[in-house]
Amino acid sequence: MSLSNFSLKGKKALVVGARRNMGKAFALGLAEAGADVIIVSRTKKDLDAVQKKIKKLKNSTLTLASGSVVTSPFYLTLLALLRSEERFS
């Protein structure tokens, strides 16, 4: 897909459920367009594979997995936003 007329360079994107299917496709598409991507999911293993693909595009990425402690998508999203301010600022 050609994204030559669509640039997200310098922007941040948050994708919840980024470990597979549509979430993964959204995360990779946003990274391809130049965004720094924060990817969130319940399991870290699958996020690591997505993060590697994003890094190949030379974009910054931050992963956040809930494991078994946190299950609320709202909490994960809020935590990701707070961590992104520290990391991407």
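- Nearest heavy-atom pair across Ala31 and Ile54 is CB-CG2, 3.8 Å.
- Distance check, rounded to the nearest 0.5 Å: CG of Asp36 to CG of Leu30 gives 11.0 Å.
- The CD1 atom of Ile39 sits 4.5 Å away from atom CG of Leu47, with the distance rounded to the nearest 0.5 Å.
- Note that CZ of Phe26 and CG of Leu14 are 13.0 Å apart. Values are rounded to the nearest 0.5 Å.
- Remark: Lys53 engages Lys24, Leu28 in a side-chain contact (heavy atoms from CB on, under 4.5 Å) (not counting sequence neighbours).
- Between Val50 and Arg19, the shortest heavy-atom distance links the atoms CG2-O, 4.0 Å.
- Residues Ser41 and Ala18 come closest through the heavy atom pair CB-N, 4.5 Å.
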Under the side-chain contact (heavy atoms from CB on, under 4.5 Å) rule, what do Gln51 and Lys55 come out as? Steps first, then yes or no, please.
CA-CA 6 Å; Gln51 183 180 32; Lys55 283 188 175 184; 3.8 Å; yes
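- By the rule that hydrophobic residues join a cluster once side-chain heavy atoms approach within less than 4.5 Å of another member, Val15 and Phe6 end up as members of one cluster.
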